[in-house]
**Student:** 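Have a look at this one.
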Amino acid sequence: MIPSAAAEYAGLRDTSLFLLRVEGLSTMLDGQTIVDSVSLEVRRGEVLGIVGANGSGKTTLLRTIAGLLDPESGSVQIDSLPGSELSYRDRARMMAYMPQQAEQHPFIALETVLMGRYPHLGRFELEGADDREMAYVAMGRTGTAEFANRRLDTLSGGERQRVVLARVLVQQADLLLMDEPTASLDLHHQILTMDIVREEADGRKAGVIVIMHDLSLAARFCDRLLVLYRGHKIAEGTPWEVLTPENLRAAFNIEGLVEPDPVTGKPHVLVLGSKDSNHGELAGSGRTVHLICGAGSGRRLMYQLRVSGYTVTAGVLGIGDSDREAAERLGVKYVGASPFSEINDSQHSEHIELIRASDHIVLCPMAMGMNNLRNIEAAVAAGSLIVVESPDREISDFTDGKGHELRGDLVRRNGQVPESSVLFELARLASR
């Protein structure tokens, strides 16, 4: 084996430093700017997901970072080394590129995987026992060992994709650049592939950039996400910071909800439809429901109502309230307030305006204190009010009985329904 020309820098490597730094990168194809002044950084052990609509520049960005396209401007540094000054062999030792489409050729799968060892061999050096052992291990991890002696052009698209993944693994590069590695795979192998990506990042401290279309899958496995739109970076951060209804509209032209996955707790994106569609098939199309809630009492209904096509607003919610956090994730308009402070006249008036602009108002079974008592008072102004009963029929009242008295009067006038019946009650009211 021959040493890397960049080996002298190995002692300077530090997992706290950026493995990859891209600054102001722009790329033109056929006279058009496809990537426009994009900057990003990747640390060792980090998985960065790049998402965006078709034609947003994702593949062009990745190919430019890989050195397969020349940038119009900007720079790429790998382990503090200028990418433009690296030889092809040194670059191949430091980064591995997995293309979007797995190639077809008459080489058998094992030979294809062994190609990943070429950057580590001398000019006329053949693969040794260690190289072959690495290849078999990688094929075992990717579930392709059974294809070892089959020609690549006899395999399905998904099978070829997994063989190419095995080739990337044996390359043992510090930086992995992966263009839609799950695109041709069934659900089982999508998870397997992304598990392997995480193992490479967590176990070898490799840095990974992965282009993905499945936003929920990206949120589950990526540490950070970067959103491209028409060649520009429009958002970057943690999955929770990036996957917002506003960014979904801006980047993908869709209306969507973002809620915690019940299993992983990571963001799960539910697409409702195109931003320009009229949602005519949804029960809540064209109607607004206002929730008077707090302390988590309205969180589930917010989600259910948004999925059903309703426009949802909410009352006064203080900083730190779990209903306020849910409202922000779901793009629900609410009246903001400081934590544990009483509702002032301005906030109360803003709340009343939201109530008057709504078709239906739902009063949730929230605990009542002096800080939110005016939320209950605001319900008196509701024209079409649904009162939701508490599951255990107990609602905490810290207002010396004022809250219970107000709520009791609303129940006597409007009755109350269990939360599970709210959507049915709204449908009944709409049919009148």
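Please read these numbers as outputs of a predicted model, since none were measured by experiment. For reference, positions follow the sequence shown, starting with 1. Values reported hereafter were calculated over all heavy atoms of this structure, with side chains retained and with hydrogens, waters and symmetry mates removed.
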**Student:** Please tell me whether Tyr334 and Glu328 have a donor and an acceptor in their side chains that are separated by less than 3.5 angstrom.
**Tutor:**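 The answer is yes; a qualifying pair exists.
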**Student:** Taking Arg230 for the side chain and Ser56 for the main chain, is one N or O donor matched with an acceptor at less than 3.5 Å?
**Tutor:**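 Side chain of Arg230 to backbone of Ser56: no pair is present.
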**Student:** Please tell me if the side chains of Leu177 and Ile211 come closer than 4.5 Å, counting only heavy atoms from C-beta onward.
**Tutor:**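 The answer is no; the side chains never approach within 4.5 Å.
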**Student:** Given the ring of Phe221, does Arg198 sit roughly above its face, with NZ or CZ under 6.0 Å from the centre of the six-membered ring and within 45° of the axis?
**Tutor:**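 Not flagged: Arg198 not positioned over aromatic ring of Phe221.
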**Student:** With distance as the sole criterion, is a donor-acceptor pair present between the side chains of Thr399 and Asp397 under 3.5 Å?
**Tutor:**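 Side chains of Thr399 and Asp397: pair found under 3.5 Å.
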**Student:** Check whether the side chains of Asn375 and His351 place a donor and an acceptor atom closer than 3.5 Å, and report yes or no.
**Tutor:**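 Side-chain D/A pair, Asn375 to His351: present.
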**Student:** Walk me through whether Arg44 and Asp79 qualify under salt bridge (Lys or Arg N to Asp or Glu O under 4.0 Å).
**Tutor:** CA-CA 10 Å; Arg44 294 181 180 275; Asp79 243 1; 2.9 Å; yes
**Student:** Does the side chain of Asp345 pick up a donor-acceptor pair with the side chain of His348 at under 3.5 Å?
**Tutor:**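 No, because no side-chain N or O of Asp345 sits under 3.5 Å from a partner of the opposite role on His348.
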**Student:** For Thr33 and Glu72, test the side chains for any donor-to-acceptor distance below 3.5 angstrom and give the result as yes or no.
**Tutor:**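 No - no donor-acceptor pair under 3.5 Å links their side chains.
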**Student:** Do Thr193 and Thr182 have a side chain donor and acceptor closer than 3.5 Å?
**Tutor:**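 No, because no side-chain N or O of Thr193 sits under 3.5 Å from a partner of the opposite role on Thr182.
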**Student:** Check the pair Arg356, Glu353 against salt bridge (Lys or Arg N to Asp or Glu O under 4.0 Å), reporting the backbone distance first and the verdict last.
**Tutor:** CA-CA 5 Å; Arg356 288 174 176 165; Glu353 289 303 311; 3.5 Å; yes
**Student:** Taking salt bridge (Lys or Arg N to Asp or Glu O under 4.0 Å) as the test, write out the residues that go with Arg224, two or more places apart.
**Tutor:**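 Residues passing salt bridge (Lys or Arg N to Asp or Glu O under 4.0 Å) with Arg224: Glu46, Glu236.
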**Student:** Can you name the one residue among Ile376, Asn414, Ile386 that meets side chain to side chain contact (heavy atoms under 4.5 Å, CB included) with Leu363?
**Tutor:**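 Among the candidates, only Ile376 passes.
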**Student:** When rounded to the nearest 0.5 angstrom, what distance separates CG in Leu192 from CG in Leu165?
**Tutor:**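 It is 8.0 Å, given to the nearest 0.5 Å.
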